[in-house]
Novice: 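The structure's right below; bear with me while I get my questions together.
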Amino acid sequence: MKLNYKRVIFVGFAFFLISAFWQAYDTIVPKILTDKFGLAQVWSGAIMALDNIFALFLLPIFGAVSDKVNSKHGRRTPFIVIGAVLAAVLLVTLAVPDALQRNRLEAVTATEGEAYTEALETIWDANPNVTDWEEEKLDAKKYPLQELIGKEAFTAIPFTVEEDGKEVTNPDYTKIVVPARQSYAAQVTSHNPAPLIIFMVLLFFALVAMGSFRSPAVALMPDVTVKPLRSKANAVINLMGTAGGILVLLLGTILGTGKAKNALMNYTLFFSIVAGIMLIGLAVFIWKVREKKWAAEMQEESLRLGLEEVSAEVEKSDAASIETRKLSRGEKISLFLILASVVFWFMGYNAVTSKYSVYASTVLDVDYNTTLLIAQAAAIAAYLPVGFLSSKLGRKKMILGGVVILGVSFFAASFLSADSPSLVKNLLMPILFAMAGIGWATINVNSYPMVVELAKGSNVGKYTGFYYTASMSAQIITPVFSGALMDVNTRTLFPYAAIFVALAFVTMFFVRHGDAKPDAKQTVLDGMGGGDD
């Protein structure tokens with residue numbers, strides 16, 4: 001029995017295009033909401049949580065509907081094709097309201113020369129409300145800009161300063177001008193919210209389109225892969241998804257989406273290229289994937305190997321007997337603690353991933369693309385050794401180690417700001433994000449298997465639901481909570497994340513069940529894999 005890696009890679013193109021969309025969504029949409037429309041971080045966070053809110057009901061609905069489809073192209077392929085095309089088209093249309101709003105902010109987009117001074121004058125004359133940057137604290141209030149700084153002093157703030165012989169973005173620009181410019185954008189939006197309304201409507205439909213085919217895409221892999229090989233296949237598909245995300249980050253680096261001077265850039269080209277990447281991935285999927293043929297071959301191989309699916313009647317009776325086998329008290333406590341850990345580490349990690357593009361430009365003055373690329377590259381490099389070590393040391397020890405690495409990286413990052421020496425900042429942030437990528441890979445590889453280890457036979461799907469309910473609930477809540485804190489003090493992001501990751505260590509430490517080691521004969525990829533069902 002051998003995994004057909006080519007086949008799995010072609011199926012993985014569905015995950016490739018999905019990850020490309022979400023990488024663009026997670027990094028660019030929060031910047032548009034705060035920089036272009038001037039939304040507060042709490043409202044930006046609430047919008048960034050919408051995809052997880054939709055996922056709570058869209059994923060099971062479309063997953064169940066696709067189970068009952070029997071088209072000539074298969075059960076899952078029609079959903080993947082239609083959903084991906086709609087999502088790509090809608091992603092491009094997001095550039096329309098974005099460009100409309102940018103045109104309304106044209107007077108404040110300059111970052112050099114006489115036009116830059118005029119831009120600062122426009123902001124100061126509008127007298128937007130901003131937090132006092134000298135006394136930023138949890139109970140800080142907002143004041144009219146003109147009460148905090150004179151026009152001459154404000155317009156004299158340079159965009160760049162020289163540091164160590166290099167031109168770098170002025171920390172005062174990041175601390176004073178950027179919040180004032182965002183508040184000015186909020187004024188413009190309040191006078192005419194039409195572009196924001198159009199943007200939100202298009203975003204709503206784009207998220208629904210993505211939700212319509214995510215479950216069918218997830219279900220396709222087990223549809224065409226026999227059970228003993230699904231862990232290997234799952235690992236390959238995860239790597240395909242990561243490749244899609246990395247490609248979008250590389251695009252952002254090339255186009256300069258993370259540079260301070262491009263905070264109000266037009267994203268039409270960026271969205272168009274990402275949509276093109278999605279459609280190319282879909283084209284490869286359509287060209288190579290033969291769902292009905294491969295699913296039939298999988299069933300034949302399962303029969304030949306004695307792995308065929310049980311009949312509905314037998315499955316029903318087996319499920320009934322399984323339900324009578326209750327978890328012990330210790331197992332129930334462990335399940336609760338694992339799920340609590342899932343909530344806590346997603347609260348910390350997702351706060352960073354959903355807000356870092358904003359944080360990087362407003363607090364650190366670094367290109368978010370570079371640091372996120374390093375994190376993803378480190379995660380990819382960690383998959384194989386993490387899978388090997390997990391088979392040797394056990395899942396719980398590896399998760400605890402990953403939590404420590406992730407927590408330390410977030411805690412250390414909280415001490416860096418635009419005022420930090422460039423050499424220290426530019427050297428340390430990549431190291432910390434590499435650590436975060438390794439820590440997250442270590443957690444991610446082992447957490448889901450610990451949950452389903454407690455499942456009994458046919459209720460693996462039920463326990464899978466427990467896992468995703470916990471993770472999605474955290475991802476709904478944390479952008480709002482972290483955004484509310486960032487509205488008061490932007491630098492709360494990394495301490496917030498570090499605290500929740502530390503809580504995950506506490507709950508995980510007391511877990512006593514679910515730590516079965518993989519069979520010694522399994523390959524490294526088996527150790528990397530998620531659930532089989």
Side-chain angles (χ1 to χ4, degrees), residues 3-22 51 54-90 206-244 277-302 307-309 312 315 448 460-461 464-465 468 472 529-533:
L3 181 65
N4 187 327
Y5 283 96
K6 274 189 179 180
R7 183 173 292 186
V8 176
I9 288 172
F10 291 137
V11 170
F13 271 96
F15 291 81
F16 172 89
L17 68 91
I18 287 171
S19 295
F21 178 94
W22 290 124
D51 64 305
F54 292 163
L56 285 177
F57 60 90
L58 287 178
L59 267 60
I61 288 174
F62 281 99
V65 171
S66 69
D67 283 339
K68 299 174 183 177
V69 169
N70 186 25
S71 76
K72 66 178 182 178
H73 299 293
R75 294 188 294 173
R76 320 297 182 184
T77 299
F79 289 89
I80 295 170
V81 172
I82 296 171
V85 170
L86 288 174
V89 171
L90 287 164
L207 294 178
V208 171
M210 289 299 297
S212 70
F213 74 96
R214 205 179 342 175
S215 279
V218 170
L220 180 56
M221 182 275 287
D223 281 351
V224 301
T225 309
V226 293
K227 283 190 174 183
L229 299 177
R230 288 176 187 170
S231 288
K232 287 183 181 179
N234 190 55
V236 174
I237 282 172
N238 283 335
L239 291 174
M240 286 294 293
T242 304
I277 291 170
M278 293 175 64
L279 293 176
I280 290 172
L282 180 63
V284 175
F285 178 89
I286 295 171
W287 177 35
K288 290 294 186 179
V289 173
R290 298 293 178 265
E291 180 187 337
K292 292 201 82 168
K293 179 175 179 288
W294 294 356
E297 290 175 358
M298 187 277 288
Q299 290 293 336
E300 290 173 6
E301 188 175 3
S302 294
L307 302 169
E308 72 276 5
E309 300 292 327
E315 189 176 33
Y448 174 74
V460 168
T464 301
Y468 282 108
M472 288 178 183
D532 288 344
D533 294 301

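Keep in mind that what you see is a predicted model, and the values were worked out from it rather than measured.
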Novice: Please examine the side chains of H73 and E291, heavy atoms only from C-beta on, and report whether any two atoms are closer than 4.5 Å.
Specialist: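 Answer no - side chains too far apart.
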Novice: To the nearest 0.5 Å, tell me how far T77 OG1 sits from K292 NZ.
Specialist: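 Going from OG1 on T77 over to NZ on K292, the span is 10.5 Å.
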Novice: Might you point out which heavy atoms bring A217 and A14 nearest each other, and give the distance in Å?
Specialist: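 Closest approach of A217 to A14, heavy atoms only: CB-CB, 4.1 Å.
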Novice: Would you check if L17 and F213 make a side-chain contact, meaning some heavy-atom pair closer than 4.5 Å?
Specialist: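 The answer is yes; the side chains approach within 4.5 Å.
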Novice: How many angstroms lie between CE in M240 and OG in S19, if you round to the nearest 0.5 Å?
Specialist: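 Interatomic distance, M240 CE to S19 OG, rounded to 0.5 Å: 9.5 Å.
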Novice: In a check of side chain to side chain contact (heavy atoms under 4.5 Å, CB included) between R76 and each of V11, L220, V289, V224, which one passes?
Specialist: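 Testing each of V11, L220, V289, V224 against R76, the sole residue satisfying side chain to side chain contact (heavy atoms under 4.5 Å, CB included) is L220.
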Novice: Answer whether the closest heavy-atom distance between the side chains of M278 and V89 falls below 4.5 Å.
Specialist: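 Not touching, per the 4.5 Å side-chain cut-off.
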Novice: Kindly compute the distance separating CD1 (I277) from CG (L282), expressed to the nearest 0.5 Å.
Specialist: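 Those atoms lie 13.5 Å apart.
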Novice: Please report the shortest heavy-atom distance between F16 and G281, naming the atom on each side.
Specialist: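 Heavy atoms only, the tightest pair is CD2-CA, 4.3 Å.
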Novice: How close do G74 and P78 get, counting heavy atoms only, and between which atoms?
Specialist: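 For G74 and P78, the tightest heavy-atom pair comes out as O-CD, 3.4 Å.
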Novice: Give me the atom names and distance for the closest heavy-atom approach of A206 to F21.
Specialist: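 In terms of heavy atoms, the two residues are closest at CB-CZ, 4.2 Å.
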Novice: Is any side-chain heavy atom of F13 closer than 4.5 Å to a side-chain heavy atom of I280?
Specialist: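 In short, these two side chains do not touch, never coming nearer than 4.5 Å.
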Novice: Side-chain contact test, heavy atoms from C-beta onward, threshold under 4.5 Å: evaluate it for M210 versus W22 and give yes or no.
Specialist: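 Yes, their side chains come closer than 4.5 Å.
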Novice: If we only count heavy atoms from C-beta on, is the I286 to I80 side-chain gap below 4.5 Å?
Specialist: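 Side chain of I286 against side chain of I80, heavy atoms only: no contact under 4.5 Å found.
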Novice: Identify the two heavy atoms, one from L86 and one from A209, that lie closest to each other, and give their separation to 0.1 Å.
Specialist: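 Answer, listing the atom of L86 first, then A209: CB-CB, 4.0 Å.
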